[in-house]
Amino acid sequence: MKNLLAGFVAATLTFGVQAEAVDSHLLQQGEAVAIASDCQACHTAPGSKSAFSGGYGIASPMGVIYSTNITPAAAGIGRYSEAEFSAAVRHGVRADGANLYPAMPYTSYSKMTDADLHALYYYFMHGVKPVDEANQQTDLPFPFNLRFSMGMWNVMFADSTVYQNDASQSAEWNRGNYLVNGLAHCNTCHTPRGLLMQEKSDQPLAGSPLGSWYAPNITSDKVSGIGGWSDDELVQYLKTGRAEGKNQAAGGMAEAVEHSLQYLPESDLRAIAVYLKSTKPIRTEGETQPAFNYGAPMDVENSVRGRNPNNANQSLTNGAALFSGNCASCHQPDGSGSANQAYPSLFHNTATGMRNPNNLIATILFGVQRDTADHQVLMPGFSSPSYVGQLTDQQVADISNFVLAHYGNPDVKVQAGDVAWVRKGGHPPLLAQAQPWILPGGIAALVIVLLVAGFWLRRRRVR
Ligand code: HEC
Ligand code: HEC
Ligand code: HEC
């Protein structure tokens, strides 16, 4: 990047000083848009040294969708004009006219202003190193392999209008709205989806399952959402991935913090907090207190220190013993975490207080990895491959139930079957479950249509 800028400055100097100022400014603006939009998280395969060269397999309920090479090379988007780039980024239409899958969040990027899009294009053409690496083909099963069907989906569900400032709100609020529902596409993870995988427009940011994880309700509701978080806590969470007494970011949220949110200027993070606090509060039915309110310290050693005969309340003893052996070394025998909370408290933690236990289960299975400027966070996962012991579905369920009963929401119970689903990547939505029936169903429908048509033709001939 630096070298490139230097070369750029040298090149532009020969054309005059005026051009230089404009270009480097545009380049910086474009890079900032790319960071806020987190293009990197999906378009750079984990561990790959060539930024934006694609090949990251995104596990969707319909199958794996590979991100593509978006470097300015022939194998990438080198031949894209700005108009073609705009069509891909904001409307999900590739240069060859084919529709993209909404795994590429064009449904949020459609809000991107013309100025930001222009800078982004400039950055990709002049600030990104070209990498000639061929794309990995995405092969979804029928009918999801029919890309044109996404065109119909777009007509039904995609909002293609650029962000419009709301004059009745502050500039800060507008910036927050633009980031949350546009560039930073928080909505794509946190808004629940309907039968056809569209975002439910009447429940914005009300929480949604996300593969193995659960993206919580982040509306302003004081019980179900983030209404009880201070602005400072929200800003700190987005910047570092942790807010004491609230939550630590794992899964997709850890990626968003690591690749994107930690680099946003403080003013942007504040704008996001201000906007979230102003959203329509949505209460999840049956919830009576915030997830971060649950639990209290309870020393597990009291219950496992040989005082209980093996036959006493077997399930509790199992959970307690497993917790003592696998978790207490870091989270402390009473669940309160380490003094500096680098190993966080398990009570007053939304991962254990939420009614959906997925984040607790997924944390035990897959751990927490997150690198930010001020710290590297690592909790090992207890599924394979792991350098710590591997736990069975039943053991993970036992630990979860122990943790929930004492440190979290005691009304929530986990069964081995729940753990098996999280291990597999989450319950498939109805549309994916229906997939095996869509082809036979379609053929059956076609046969019926032909039979009926044949019947009418025969009758007409007979007459
Ligand atoms: C959440 C993941 C995700 C993010 C974030 C994301 N993309 Fe994508 N993008 C994809 C996937 C997946 C595809 C391929 C989709 C397909 O094959 O239908 C894609 C395709 C594209 C294409 C089409 C290229 C081609 O010819 O195949 C362009 C251009 C693109 N993305 C640009 C961007 C830019 C610019 C950003 C940031 C502003 C961005 N993407 C952010 C997942 C993402
Ligand atoms: C790739 C999906 C994804 C994106 C994008 C995303 N989130 Fe999240 N978010 C999650 C998941 C999953 C969790 C749960 C993390 C955990 O508990 O370890 C989460 C947790 C949170 C929490 C904690 C809520 C609680 O009650 O514990 C807040 C606040 C939050 N996200 C805000 C945001 C904001 C604001 C944005 C956009 C700037 C955003 N998220 C973008 C997936 C995402
Ligand atoms: C080697 C130390 C270590 C061990 C062992 C360990 N953890 Fe953790 N745990 C961590 C760290 C580090 C974090 C993340 C802190 C952060 O994100 O700032 C964490 C986070 C968590 C979270 C919060 C995740 C979220 O999404 O908010 C839960 C819940 C949790 N651990 C439960 C457990 C359970 C249950 C066990 C035993 C099966 C366990 N941990 C074992 C270190 C550990």
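Hydrogens, waters and symmetry mates are skipped; everything else that's a heavy atom, side chains included, is used. Counting convention: from 1, in listed order, for ligands and their atoms alike. We count residues from 1, following the sequence as given.
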Fill in: Any N or O of Asn247 closer than 3.5 Å to N or O of ligand 3
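N/O-N/O distance under 3.5 Å: yes.
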Worksheet item: Quick check: does Arg242 get an N/O under 3.5 Å from an N/O on ligand 3?
Response: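 Yes; at least one N/O pair falls below 3.5 Å.
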Worksheet item: How about Phe323 and Tyr407: are their ring centres within less than 6.0 Å of each other?
Response: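 Centroid separation for Phe323 and Tyr407: below 6.0 Å.
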Worksheet item: Ring centres of His185 and Tyr109 under 6.0 Å apart?
Response: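 His185 vs Tyr109: aromatic centres under 6.0 Å.
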How close does the nearest protein non-hydrogen atom get to [atom], and which residue and atom is it?
{"atom": "atom 22 (C) of ligand 2", "value": "Tyr237 CE2, 3.3 Å"}
{"atom": "atom 35 (C) of ligand 1", "value": "Phe124 CE1, 3.6 Å"}
{"atom": "atom 24 (C) of ligand 2", "value": "Pro216 CG, 3.7 Å"}
{"atom": "atom 26 (O) of ligand 1", "value": "Tyr80 OH, 2.5 Å"}
{"atom": "atom 27 (O) of ligand 2", "value": "Thr350 OG1, 2.7 Å"}

Worksheet item: Heavy atom under 4.0 Å from ligand 1: found in Asn135's side chain, backbone, both, or neither?
Response: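 Asn135 to ligand 1: no contact under 4.0 Å from either part.
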Could you name the option among [options] that has the heavy atom nearest to [atom]?
{"atom": "atom 6 (C) of ligand 2", "options": "Glu233, Gln248, Met253", "value": "Met253"}
{"atom": "atom 5 (C) of ligand 1", "options": "Tyr121, Tyr101, Tyr109", "value": "Tyr109"}
{"atom": "atom 14 (C) of ligand 3", "options": "Thr240, Leu391, Val403, Val377", "value": "Val377"}
{"atom": "atom 17 (O) of ligand 1", "options": "Gln137, Glu255, Arg147, Arg94", "value": "Arg147"}
{"atom": "atom 41 (C) of ligand 2", "options": "Cys186, Gly207, Gly353", "value": "Cys186"}

Would you say [X] and [Y] make side-chain contact, with heavy atoms under 4.5 Å?
{"X": "Arg270", "Y": "Glu172", "answer": "yes"}
{"X": "Ser400", "Y": "Ile364", "answer": "yes"}
{"X": "Glu133", "Y": "Ser50", "answer": "yes"}
{"X": "Pro102", "Y": "Met150", "answer": "yes"}

Worksheet item: In total, how many protein N/O/S atoms does one find closer than 2.8 Å to atom 8 (Fe) of ligand 3?
Response: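 Those protein atoms number 2 in total.
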Work out whether the distance between some heavy atom of [X] and some atom of ligand 1 is less than 4.0 Å.
{"X": "Met150", "value": "no"}
{"X": "Tyr66", "value": "yes"}
{"X": "Ala103", "value": "yes"}

Worksheet item: Does the Gln395 side chain pair with the main chain of Thr392, one donor and one acceptor, at a distance under 3.5 Å?
Response: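 Such a contact is found between Gln395 side chain and Thr392 backbone.
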Between [X] and ligand 2, which part of the residue brings a heavy atom under 4.0 Å of the ligand: side chain, backbone, both or neither?
{"X": "Thr188", "value": "neither"}
{"X": "Phe292", "value": "neither"}
{"X": "Val180", "value": "neither"}
{"X": "Asn217", "value": "neither"}

Part of [X] within contact of ligand 3 (heavy atoms, under 4.0 Å):
{"X": "Ala249", "answer": "neither"}
{"X": "Phe323", "answer": "neither"}
{"X": "Leu322", "answer": "neither"}

Discussion item. I'd like the atom name of the N/O/S atom in His190 lying closest to atom 8 (Fe) of ligand 2.
Written reply: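 Relative to atom 8 (Fe) of ligand 2, the closest nitrogen, oxygen or sulfur of His190 carries the name NE2.
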Worksheet item: Numbering the atoms of ligand 1 from 1, which are under 4.0 Å from a heavy atom of Asp38?
Response: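 Under 4.0 Å from Asp38, ligand 1 has these atoms: 5 (C).
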Discussion item. Suppose I only count heavy atoms of Ile58 and a 4.0 Å limit; which atoms of ligand 1 are within that range?
Written reply: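 Near Ile58, meaning under 4.0 Å from one of its heavy atoms, ligand 1 has 2 (C), 12 (C).
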Discussion item. Do Lys111 and Tyr163 form a cation-pi contact, if we require the NZ or CZ to be under 6.0 Å from the six-membered ring centre and within 45 degrees of the ring's axis?
Written reply: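 No; the conditions do not both hold, so Lys111 does not lie above the ring face of Tyr163.
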Discussion item. Would Ser400 count as a contact residue for ligand 3, given that I'm defining contact as a non-hydrogen atom of the residue lying under 4.0 Å from a ligand atom?
Written reply: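 Outside the 4.0 Å threshold, so no.
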Practice prompt. List every atom of ligand 2 that sits less than 4.0 Å from any heavy atom of Cys189, numbering the atoms from 1 in the order shown and giving each element.
Written response: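 Atoms satisfying the 4.0 Å criterion: 1 (C), 2 (C), 3 (C), 4 (C), 5 (C), 42 (C), 43 (C).
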Item to complete: Check each atom of ligand 3 against the heavy atoms of Pro380 and keep those under 4.0 Å away; list them by number with element.
Response: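 So the atoms of ligand 3 that pass are 1 (C).
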Worksheet entry | atom 8 (Fe) of ligand 1 neighbourhood, protein N/O/S only, threshold under 2.8 Å |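 Listed by chain and number, the nearby protein N, O or S atoms are His43 NE2, Met104 SD.
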Worksheet item: Will you find, in the side chains of Gln248 and Asn349, an N or O donor that is under 3.5 Å from an N or O acceptor?
Response: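 Yes, a side-chain donor-acceptor pair sits under 3.5 Å.
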